[in-house]
> 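Before anything else, here's the structure in question.
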Amino acid sequence: MESGQTFRFKSFNDGYQGVALGKEIFIKQEDDKIEISSSDSLAGADFNRYFSLDIDYKKIKKQLSLDPTLEEIVEFAPGIRVMRQPVFETLITFIISQNNNIPRISGIVERLCDNFGEDKGGYRDFPTAGVLSELSPEDLAPIRAGFRDKYIIDAAIKWTDGIVREEFLKTAPLDSARDMLMKIKGVGPKVADCVLLFSANRLETFPKDVWIKRAMESLFPDGLPECAREYAGIAQQYIFHYARNRQII
DNA sequence: CGCCAGGCTTCTA
DNA sequence: TAGAAGCATGGC
């Protein structure tokens, strides 16, 4: 929940609270048991898929751990999973993420939802592309996204116009999918890869941000180990978290 | 005050 | 085609 893939969850009691798939949920973990609860009906929302609880991470971690350095990195925070969030929401949140820090990303996303998301009775859903595509940069001023406001609007317009299509992103050759995303102003290789990894379930994509570049230089100067190729994106999340948190603890 | 943040666009050579 | 400047905002 704190690995920088998703930005609407807050620490709450002994778990996390946030809005996902149009529902306000509370999630907590005790040992291997993960519990999701809500005051809403969860009908129609597939949180096993959202949190990738249907994926065999024991098998994936075993394969990554064939490399001894990766084994240590995985063991540092073995509960991390790559989520499968809605594509449009992931696209917008990672446009906001550029040249930004995680706390401020969360703040901008929160204001975006508060101002333009559908009121579900006490909380707000993530805004639709249709709503965002009609806005001007001045309309977005309250969310204080800075220069990213025009990128958000361009992404929403290209989404509603069908220039960026979810099904294509999930099924087309990886390079074609990236090119489609990079037609959006403000979307470059890093944001495109994050969308493909965190929502389109393209586990072989390996987003390279400043943290990953620094971590790769010191941990894997010869590149990512061969055993991690199939699940490079999952390895990326373990490496990202390790790089950011290891020294501090 | 200056530097940096899950980068990208634009300008320059 | 590579490299640097500029970009909104906010925390430190």
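Any value given below was found using the heavy atoms of this structure, including those in side chains, with hydrogens, waters and symmetry copies removed. Chain identifiers are assigned alphabetically (A, B, ...) following the order of the sequence lines, protein sequences preceding nucleic acid strands; residue numbering begins at 1 within each chain. Please read these numbers as outputs of a predicted model, since none were measured by experiment.
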> Assert yes or no for the condition that the ring centre distance of Phe94(A) to Tyr151(A) is strictly below 6.0 Å.
no

> With a non-hydrogen cut-off below 4.0 angstrom, is Ile105(A) in contact with a base, only sugar-phosphate, or nothing?
nothing

> Nearest whole angstrom, please: distance from the P of dG7(B) to the CD1 of Ile102(A).
10 Å

> Find which nucleotide of DNA chain B each of Ile184(A) and Trp211(A) is nearest to by heavy atoms, and output the residue with the more 5' nucleotide.
Trp211(A)

> Within the structure shown, what part of the strands sits under 4.0 Å from Ser3(A) by heavy-atom distance: base, sugar-phosphate, or nothing?
base

> With sugar-phosphate meaning primed atoms plus P, OP1 and OP2, does Pro103(A) contact a base, only sugar-phosphate, or nothing at under 4.0 Å between heavy atoms?
nothing

> List every contact pair, protein side and nucleotides 6-12 of chain C side both N or O, where the distance is under 3.5 Å.
| unit_1 | atom_1 | unit_2 | atom_2 | d |
| --- | --- | --- | --- | --- |
| dA8(C) | O4' | Phe147(A) | N | 3.0 |
| dA8(C) | N6 | Asn99(A) | ND2 | 2.9 |
| dA8(C) | N1 | Arg148(A) | NH2 | 3.4 |
| dT9(C) | O2 | Arg104(A) | NE | 3.2 |
| dT9(C) | O2 | Arg104(A) | NH2 | 3.4 |
| dG10(C) | OP1 | Arg144(A) | NE | 2.3 |

> What residues, two or more places apart in sequence or in another chain, satisfy side chain to side chain donor-acceptor pair (under 3.5 Å) together with Lys33(A)?
Glu35(A)

> Could you give all pairs that pass the salt bridge (Lys or Arg N to Asp or Glu O under 4.0 Å) test and reach residues 162-185 of chain A, with sequence neighbours left out?
Glu166(A)-Lys170(A), Arg178(A)-Asp193(A)

> Per the salt bridge (Lys or Arg N to Asp or Glu O under 4.0 Å) rule, what does the pair list look like for residues 68-85 of chain A, sequence neighbours excluded?
Asp54(A)-Arg84(A)

> Sequence neighbours left out, what passes side chain to side chain donor-acceptor pair (under 3.5 Å) with Lys23(A)? Give chain and number order.
none

> Classify Gly186(A) by what it touches in the nucleic acid, base, sugar-phosphate, or nothing, heavy-atom distance under 4.0 Å.
sugar-phosphate

> Give me the other members of the hydrophobic cluster that Leu42(A) sits in, counting Ile, Leu, Val, Met, Phe, Trp and Tyr linked by side-chain heavy atoms under 4.5 Å, directly or via other members.
Met1(A), Phe9(A), Tyr16(A), Leu21(A), Ile25(A), Ile27(A), Ile34(A), Ile36(A), Phe47(A), Tyr50(A), Phe51(A), Leu53(A), Met83(A)

